[in-house]
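Heavy atoms only: backbone and side chains are in, while hydrogens, waters and symmetry mates are out. Keep in mind that this is a model prediction, so the values were computed, not measured. Below, read A as the first sequence line, B as the second, and so on, with proteins coming before strands; counting in each chain starts at 1.
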Amino acid sequence: MKMLTCSRLSSFLGILPQKMLIQGILLLVFGVISLSIQGQNLHTKEAIVIQENPAINLAATQLPSQVTVPKKSSWVNNAFDWYQKKSMQGDFQIHGFIGQSYILSSHNNVFGHSTSGAGGSFGLTEAGLNASFRPLPKLLISAQVLSRRAGEGSSGMPRLDFAFLDYRLYSHEANQFGIRAGRLKNPFGFYNDTRDVPFTRPSILLPQSIYFDRTRNLALSGDSVQLYADVGHSRWGTFSTQVGLLFPIVSDRDTERAVLVFPNMHGHLTREVSYIGRGIYETNDKRIRLGVSGIWLNSNYDPPVGEKILGLPITSGSLQFSPVYFSAQYNSERWSLTGEYAIRHFAYSGFHHDTIDKTNFFGESFYVQGEYRITPKWETFIRYDVMFTDRSDKNGKNWVLQDPDHLKGFEHSRYAKDFTVGLRWNVTPEFMVRAEYHHVNGTGWISRLDNPLLNQTEKNWDLFAIQASYRF
Amino acid sequence: MNRFVSSFFFPIRYLLFFLSTNSFFIHCVLLIIFLFSISQVRADNHYEVVTNKGVGENKLSANSLRSIFSMHLKTWSDGTKIRVFVFPDDDQLHQVFSKEKLNVFPYQLRSTWDRLVFSGTGQAPIKVNSVEEMLEKVTNTPGSIGYLWRANINENVNVLEIK
């Protein structure tokens with residue numbers, strides 16, 4: 001590949017008569033390359049110095065590793081010693097992150113009053129703190145508290161994001177098998193498990209077609225029991241699976257508003273046993289990653305006494321949401337190419353109400369994304385992201401026919417096509433700043449709590465966001 | 001080590017020179033030198049995987065090694081805890097080690113660890129900031145594994161053979 005590029009480049013340059021120009025370009029290229037190498041060079045020199053003086057290293061190892069201070073024997077000191085020893089050995093770890101974003105949109109609110117009329121919004125704040133402890137070689141206990149302030153949907157009230165036990169039942173070389181129980185992150189797609197950690201996602205807003213922020217609490221974590229297995233082969237790569245039972249978290253308003261598709265449903269959702277599973281295949285060099293995940297989410301709706309929808313009474317009924325996700329990624333040193341596709345089945349049943357019981361449709365989403373690491377410090381990405389609430393009614397025309405008087409002109413709330421470009425600067429490994437620009441056609445994924453009135457939504461809109469984030 | 005630095009520079013000089021001349025013969029020769037000096041960077045092998053003296057193993061498959069540094073394999077074959085020590089992501093030895101021995105890019109390791117830590121399904125390796133610290137930690141921590149330049153390795157640690 002290098003050979004090809006070089007020879008092409010040289011023959012291309014050979015055609016040009018102006019040798020001066022060529023030399024000018026080459027000088028420029030050389031300047032840029034040597035500048036970028038300088039950083040690495042400094043580092044290398046350090047390594048050389050250290051390496052050429054093994055005597056110094058020996059002396060260093062002979063020094064006592066810690067200064068010992070005479071201690072009083074109290075349980076506080078004992079606990080402190082225990083903590084210090086465990087954390088030095090890595091058995092007890094604490095990690096955390098915090099991120100603050102500023103969002104400015106031309107129309108439509110995203111995480112607070114983000115429109116330019118309101119001067120944009122600092123409405124998205126994410127913070128998390130987690131601890132993990134390995135008391136036994138095969139037992140891991142971990143928990144995370146998460147605070148997320150994001151528009152009307154999330155107040156910033158800290159919540160228990162996950163807390164569970166992980167026991168490794170079998171382990172041999174690259175093959176692992178184990179069980180987890182407690183509140184667990186729902187494994188689906190490439191990003192859901194860590195979607196609130198700015199460092200782990202490719203952009204400030206994850207592709208909303210797949211990772212809806214308005215049903216995030218439903219999708220995020222649940223009380224669950226999961227089995228997991230990794231099967232590794234020295235030539236073919238690793239196949240990792242997780243399957244589990246869960247009770248989803250359905251008791252928040254944004255989820256209810258998003259899932260209860262008929263106006264004026266004032267009852268509440270209760271959770272039922274649901275199922276989740278994901279399989280990811282990775283080559284050994286992690287260049288190719290392929291994944292399939294699925295959720296079978298069940299919940300019940302209990303209406304208040306005497307509730308009528310579209311003039312007819314309804315009874316308690318059940319809602320089923322069963323999306324399937326296909327994920328693929330290719331990684332090279334500089335490039336990553338990612339694509340995910342989801343088909344989401346949505347069905348209401350048992351309400352003894354003709355219109356509601358007929359609600360049974362498939363939503364469809366996908367995105368393709370290219371990331372480019374210019375240097376380890378600078379990254380950029382480009383993405384095209386599409387969602388349709390109902391794949392048999394992509395432009396929303398049939399949906400309008402349900403109630404033309406009120407819905408005419410708002411077909412755009414049934415789809416969204418989002419084109420995004422972004423730039424990220426890793427100032428240090430712990431601190432990062434980034435910016436991105438979205439041009440969106442459609443309002444399919446905007447939060448209904450932040451945008452309660454249909455007639456104040458706009459079909460074509462732009463969004464600009466910047467974010468700073470720190471982690472440890 | 002000097003070879004490492006110069007091998008970074010020379011290929012670029014050759015490349016620039018060969019781009020600026022017109023002779024086909026010189027093109028070919030310089031191109032070969034260019035590719036050869038790149039492969040020299042790859043073949044730099046002056047480091048080893050090291051473990052604590054108490055670790056029973058002295059051989060490990062490349063697959064197991066990758067599984068250990070991906071923080072998936074958590075116990076040695078005798079059932080004791082594995083404790084993984086690494087240099088920072090931008091450290092030169094870390095980059096060479098992850099590309100050559102593990103066959104993954106450092107950014108992929110980082111995202112694997114982040115996924116484990118922030119979903120609670122695993123722990124991160126312990127970061128050390130200097131060769132001295134790596135040697136000290138591997139020497140004194142039961143079940144530890146790390147990597148060091150050969151010149152820094154002493155008799156207080158075991159060298160692991162990777163099959």
Side-chain angles (χ1 to χ4, degrees), chain A residues 2-3 6 9-10 13-14 22-23 26 29-30 33 37 40-41 43-44 47-48 50-52 54 57-58 60-61 65 89-91 93 95 128 130 132 134 137-138 140 142-144 162 164 166 168 171 173-174 176 180 185 193-194 197 199-200 230 232 234 284-286 331 333 373 376 429, chain B residues 1-2 4-5 8-9 12 15-16 18-20 22 27 31 34-35 38 61-64 66-67 72-75 79-81 83-84 88-93 103-105 107-108 111 114-115 117-126 130-132 135-136 139-141 149 151-152 154 156:
Chain A
K2 264 179 193 120
M3 205 158 99
C6 291
L9 193 63
S10 74
L13 290 173
I22 300 168
Q23 281 168 354
L26 291 174
V29 169
F30 184 71
I33 292 174
I37 284 179
Q40 290 168 321
N41 216 358
H43 211 88
T44 319
I48 297 166
I50 293 164
Q51 218 196 352
E52 282 169 358
N57 299 329
L58 267 176
T61 59
S65 59
Q89 296 181 341
D91 292 345
Q93 299 188 355
H95 296 276
N130 80 53
S132 61
R134 191 155 65 124
K138 292 182 170 180
L140 179 71
S142 50
Q144 175 162 288
F162 60 75
F164 60 91
D166 175 332
R168 187 64 59 89
S171 176
E173 298 207 330
Q176 324 291 342
R180 299 182 181 123
K185 302 296 277 188
D193 318 27
T194 57
V197 190
F199 277 88
T200 65
D230 294 349
S234 57
N284 281 330
D285 55 12
K286 297 188 202 285
N331 293 301
E333 185 153 24
R373 286 166 282 275
Chain B
M1 266 321 298
N2 271 320
F4 204 97
V5 183
F8 239 109
F9 266 116
I12 293 152
L15 178 67
L16 292 174
F18 111 79
L19 284 176
S20 64
N22 278 324
H27 279 194
L31 189 64
F34 175 58
L35 292 173
I38 280 200
S61 69
N63 226 19
S64 300
R66 194 182 302 108
S67 196
H72 284 116
L73 176 54
K74 302 198 281 193
T75 49
T80 55
K81 283 180 193 173
R83 295 185 170 110
V84 182
D89 291 8
D90 54 358
D91 179 88
Q92 195 209 341
L93 177 53
N103 198 19
V104 295
F105 301 114
Y107 80 87
Q108 293 169 306
S111 63
D114 283 347
R115 271 199 296 273
V117 166
F118 291 108
S119 66
T121 53
Q123 290 185 308
I126 307 152
S130 66
V131 173
E132 293 82 0
L135 193 59
E136 192 266 317
T139 304
N140 297 323
T141 313
W149 295 112
N152 300 119
N154 64 22
N156 297 330

Visitor: Look at the side chain of Lys74(B) and the backbone N and O of Leu140(A), then say whether any donor-acceptor pair between them is shorter than 3.5 Å.
Guide: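 Not confirmed, Lys74(B) side chain does not pair with Leu140(A) backbone.
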
Visitor: Under 4.5 Å heavy-atom distance to chain B, tell me which part of Ser234(A) shows up: side chain, backbone, both or neither.
Guide: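 Interface part for Ser234(A): both.
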
Visitor: Heavy-atom distances under 4.5 Å only: say whether Gln176(A) touches chain B with side chain, backbone, both or neither.
Guide: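 The side chain, not the backbone.
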
Visitor: Working to the nearest 0.5 Å, report the span between CG of Asn63(B) and CD of Glu173(A).
Guide: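 The CD atom of Glu173(A) is 7.0 Å from CG of Asn63(B), to the nearest 0.5 Å.
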
Visitor: Could you check whether any side-chain heavy atom of Val117(B) comes within less than 4.5 Å of a side-chain heavy atom of Asn130(A), counting everything from C-beta outward?
Guide: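 The answer is yes, as the side chains (C-beta and beyond) meet within the 4.5 Å cut-off.
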
Visitor: Taking the side chain from Ser67(B) and the backbone from Ala174(A), do they hold a donor-acceptor pair closer than 3.5 Å?
Guide: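 Looks like no, no N/O pair under 3.5 Å.
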
Visitor: Side chain, backbone, both or neither: which part of Asp166(A) has an atom under 4.5 Å from a heavy atom of chain B?
Guide: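 Side chain only.
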
Visitor: Indicate yes or no: at least one non-hydrogen side-chain atom of Arg115(B) is less than 4.5 angstrom from one of Asp193(A).
Guide: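 Heavy-atom side-chain distance check fails, nothing below 4.5 Å.
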
Visitor: What residue in Gly90(A), Pro137(A), Ser142(A) has the most heavy-atom pairs under 4.5 Å with chain B?
Guide: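 Going by pairs under 4.5 Å, I would pick Pro137(A).
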
Visitor: Which bit of Asn284(A) comes within less than 4.5 Å of chain B, counting heavy atoms only: side chain, backbone, both or neither?
Guide: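 Looking at Asn284(A), backbone and side chain both touch chain B.
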
Visitor: Report which part of Arg373(A) has an atom under 4.5 Å of a heavy atom belonging to chain B: side chain, backbone, both, or neither.
Guide: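 Side chain only.
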
Visitor: Quick one: does any side-chain atom of Gln123(B) pair with a main-chain N or O of Asp91(A) as donor and acceptor, under 3.5 Å?
Guide: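 Confirmed, Gln123(B) side chain pairs with Asp91(A) backbone.
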
Visitor: Sort Ile126(B) into side chain, backbone, both or neither according to what part of it lies under 4.5 angstrom from a heavy atom of chain A.
Guide: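 Contact with chain A is through the side chain of Ile126(B) alone.
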
Visitor: Checking heavy atoms, do the side chain of Gln89(A), its backbone, both or neither come under 4.5 Å from chain B?
Guide: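 Both backbone and side chain of Gln89(A) come within 4.5 Å of chain B.
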
Visitor: Can a donor-acceptor pair be found, under 3.5 Å and without considering hydrogens, that links the side chain of Gln93(A) to the backbone of Ala124(B)?
Guide: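 Yes, Gln93(A) side chain to Ala124(B) backbone: donor-acceptor pair under 3.5 Å.
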
Visitor: Which distance, rounded to the nearest 0.5 Å, do you find between the CZ of Phe118(B) and the OG1 of Thr200(A)?
Guide: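 If I round to the nearest 0.5 Å, the distance is 8.0 Å.
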
Visitor: Please name the pair of heavy atoms, one in Asp114(B) and one in Thr194(A), separated by the smallest distance, quoted to 0.1 Å.
Guide: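 So the two residues come closest at O-CG2, 4.0 Å.
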
Visitor: Ignoring hydrogens, what is the shortest heavy-atom contact between Thr75(B) and Ser171(A)? Give both atom names and the distance.
Guide: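 Answer, listing the atom of Thr75(B) first, then Ser171(A): OG1-OG, 4.0 Å.
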
Visitor: Write down the atom of Tyr107(B), the atom of Glu333(A), and the distance for their closest heavy-atom approach.
Guide: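 What the structure gives for the nearest pair is CE2-O, 3.6 Å.
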
Visitor: Heavy-atom distances under 4.5 Å only: say whether Ser111(B) touches chain A with side chain, backbone, both or neither.
Guide: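 Neither; nothing under 4.5 Å.
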
